[in-house]
Amino acid sequence: MRKAALHNLGCKVNAYETEAMQQILEENGYEIVPFDVGADVYIINTCTVTNIADRKSRQMLHKAKKMNPDAVVVAAGCYVQAAGEELKLDPAVDLIIGNNRKQDLAEILEEYICSHEAEPKLSAEEEAENKCHILDINHTKEYENLNIDRTAEHTRAYIKVQDGCNQFCSYCIIPYARGRVRSRRPEDIRHEVRALADAGYQEVVLTGIHLSSYGVDFEEMTGLLELIEMVHEIEGIRRIRLGSLEPRIITDTFAQRISELPKICPHFHLSLQSGCNETLKRMNRRYSAEEYYEKCVLLRKYFEDPALTTDVIVGFPGETEEEFETTKAFLEKVAFFETHIFKYSRRKGTRAASMEDQVPEEIKSLRSHELLKLNEKNREAYIRRMIGKKAEVLFEEEAEKNGVPCFTGHTKEYVRVCIPSGGEDRSNKIYDCILEESDVQYI
């Protein structure tokens, strides 16, 4: 029985695919072990969203080979797709498997192992050819058939429903690593969600590389709204949470119809990146700050104080002090529950990498610090508004607070809550709670 260890880098879509690969290996007789010394096979699901992600991917591949020089080290995923030719020459990597080939992991491994046990041995040219399993991701329309029936989390399951992106933001390499939009068939999603509900999962999170594009590649009129309504009908699922959304999907009809679904979590992550129109244009984002704000108003029209979260890039090429202040003022105006702040990272292969007026690192750091302080202020204000209100909490795991055993969980708005266990196992149970100040954990 061969031992396999897996390590994931990157987003929730990557995490889903890593769990799917683990289940493929288990079904083919592999024993899954921790990512440590002693495995026969190491699989690293890589990320390429930034140059730092590339470096972390390389570091993990080299770490795996050091842990067991005789093991088969497999590089999979986005960094592979972007840097396959480079990895062909890396002696630490035995197999490279691009996106849309992860479903073939077991067969590729078996073929590789058999070829190395055979006589005569492969030539250097045959070795290089045998190593590489990468499709031309930009010319495939096939959605990769990966499935899970359990996840590492015991209460919440992330469901990948879509892959690829057609947006081509000027700072982003992902369309080149993930290809064009490809949507998963609704019947496959229904089957997986039903299986997870039968296994006891009460909350599902619909995720994708560009979730808002779900269904645009279907001939029939099926989009994200119809998918949400379908999942809502599945018995056993009590919560539906959405991954990152593009603002343009929030129309009056969309907001109204999802507000009529009791299982929908009023927690919406709307990708922003900048609150300044001039910066948005250079980023090739396809909305204005005014249009974005209208979407926030719509969500607040149909949901009572929903948790709005977002991403912001500081120090994008050409961002002046005036543009930064415009973004800061916009964040104050929207008053997000949480803002994820990223300093712009120059990514080779993107249009922004060659733009003039690159912002110095020290200025990025100062601007990031300012927005982090604003984020703390906005987050605390939102949590204060939750105090004294009734909230539905899904409890997830045991913890300890001030030496007292407790359980932690999340409201539908994704505010983290902690209550004394009272000797009761509250894991994967939903309670209606009145939130007190001592219950709330700042995350």
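We number each residue from 1, following the sequence as shown.
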Handout entry: Atom pair OH/OH of Tyr16 and Tyr158 - distance to nearest 0.5 Å
Key = 14.0 Å
Fill in the blank from the handout: Shortest non-hydrogen pair, Asn284 vs Ser170, comes out as CB-N, 4.0 Å
Fill in the blank from the handout: One should read off an interatomic distance between Gln256 CD and Ile258 CD1, to the nearest 0.5 angstrom, of 11.0 Å
Completion exercise
Distance col, row Leu242:CG vs Thr207:OG1, nearest 0.5 angstrom, shows 10.5 Å
Exercise for the section: Using distance alone, with no hydrogens and no angle criterion, decide if Asp252 and Tyr302 have a side-chain donor and acceptor under 3.5 Å apart. Expected result: yes
Practice task
Kindly state whether the ring of Phe35 and the ring of Tyr42 have centres lying under 6.0 angstrom apart.
Solution key: yes
Handout entry: From Glu398 atom CD to Cys406 atom SG, the distance as rounded to the nearest 0.5 Å
Key = 9.0 Å
Handout entry: Intermediate values then yes/no, salt bridge (Lys or Arg N to Asp or Glu O under 4.0 Å), Arg185 and Glu220
Key = CA-CA 11 Å; Arg185 297 302 309 176; Glu220 63 271 31; 2.6 Å; yes
Problem - Non-hydrogen side-chain atoms of Leu6 and Asn45 separated by less than 4.5 Å - result: no
Problem - Reported CD-to-CD distance for the pair Glu27 and Gln23, which is rounded to 0.5 angstrom - result: 6.5 Å
Problem - Heavy-atom closest pair, residues Cys165 and Ile209 - result: CB-CG2, 4.2 Å
Completion exercise
The single option from Lys412, Arg239, Arg238 that satisfies salt bridge (Lys or Arg N to Asp or Glu O under 4.0 Å) with Glu203 is Arg239
Practice task
Quick one: sort the Tyr382 and Phe337 rings into parallel, tilted or perpendicular, breaks at 30° and 60°.
Solution key: tilted
Problem - Under 3.5 Å side-chain donor-acceptor pair for Ser271 and Ser244 - result: no
Problem - Lys65 atom NZ: more than 12 heavy-atom contacts under 6.0 Å - result: yes
Exercise for the section: Would you kindly say whether Asn428 and Thr155 are connected by a side-chain donor-acceptor distance under 3.5 Å? Expected result: no
Practice task
With sequence neighbours excluded, tell me which residues meet salt bridge (charged side-chain N to carboxylate O under 4.0 Å, His left out) with Asp217.
Solution key: none
Exercise for the section: Tell me, yes or no, whether the heavy-atom count around Glu304 atom CD, taken from other residues, nucleotides or ligands under 6.0 Å, exceeds 12. Expected result: no
Handout entry: Lys/Arg N to Asp/Glu carboxylate O, Arg2 vs Glu26, below 4.0 Å
Key = no
Exercise for the section: Give the minimum heavy-atom separation between Leu146 and Arg184, together with the two atoms involved. Expected result: O-NH2, 3.4 Å
Practice task
Give a yes or no on whether the ring-centroid distance for Tyr344 and Phe316 is below 6.0 angstrom.
Solution key: yes
Handout entry: Distance-only polar pair, side chains of Glu153 and Thr151, donor-acceptor under 3.5 Å
Key = no
Problem - Chi angles and distances behind the salt bridge (Lys or Arg N to Asp or Glu O under 4.0 Å) call for Glu246, Arg285 - result: CA-CA 10 Å; Glu246 279 289 315; Arg285 303 291 290 178; 3.1 Å; yes
Problem - Over 12 non-hydrogen atoms of neighbours within 6.0 angstrom of NZ in Lys389 - result: yes
Practice task
State, without any angle test, whether His191 and Asp188 hold a side-chain donor-acceptor pair at a distance under 3.5 Å.
Solution key: no
Exercise for the section: Keeping to residues at least two apart or across chains, list the ring pair (Phe, Tyr, Trp, His ring centres under 6.0 Å) pairs with something in residues 194-216. Expected result: Tyr214-Phe218
Handout entry: Within 6.0 Å of CG in Asp425, more than 12 heavy atoms from elsewhere
Key = yes
Practice task
Please determine, by modelled atom types, if Asp311 and His269 share a side-chain donor-acceptor pair under 3.5 angstrom.
Solution key: yes
Exercise for the section: State, without any angle test, whether His410 and Glu396 hold a side-chain donor-acceptor pair at a distance under 3.5 Å. Expected result: yes
Practice task
Verify the distance criterion only: is there a donor paired with an acceptor across the side chains of His340 and Asn375 at less than 3.5 Å?
Solution key: no
Problem - Short side-chain donor-acceptor distance under 3.5 Å, Thr48 and Asp54 - result: yes
Practice task
Would you please classify the geometry between the Tyr292 ring and the Phe330 ring as parallel, tilted or perpendicular, with 30° and 60° separating the classes?
Solution key: perpendicular
Exercise for the section: Answer yes or no: is there a donor N or O on one side and an acceptor on the other, between the side chain of Asn28 and the main chain of Ala106, under 3.5 Å? Expected result: no
Practice task
Calculate, to the nearest 0.5 Å, the distance between atoms CG and CD belonging to Leu95 and Glu111 respectively.
Solution key: 9.0 Å
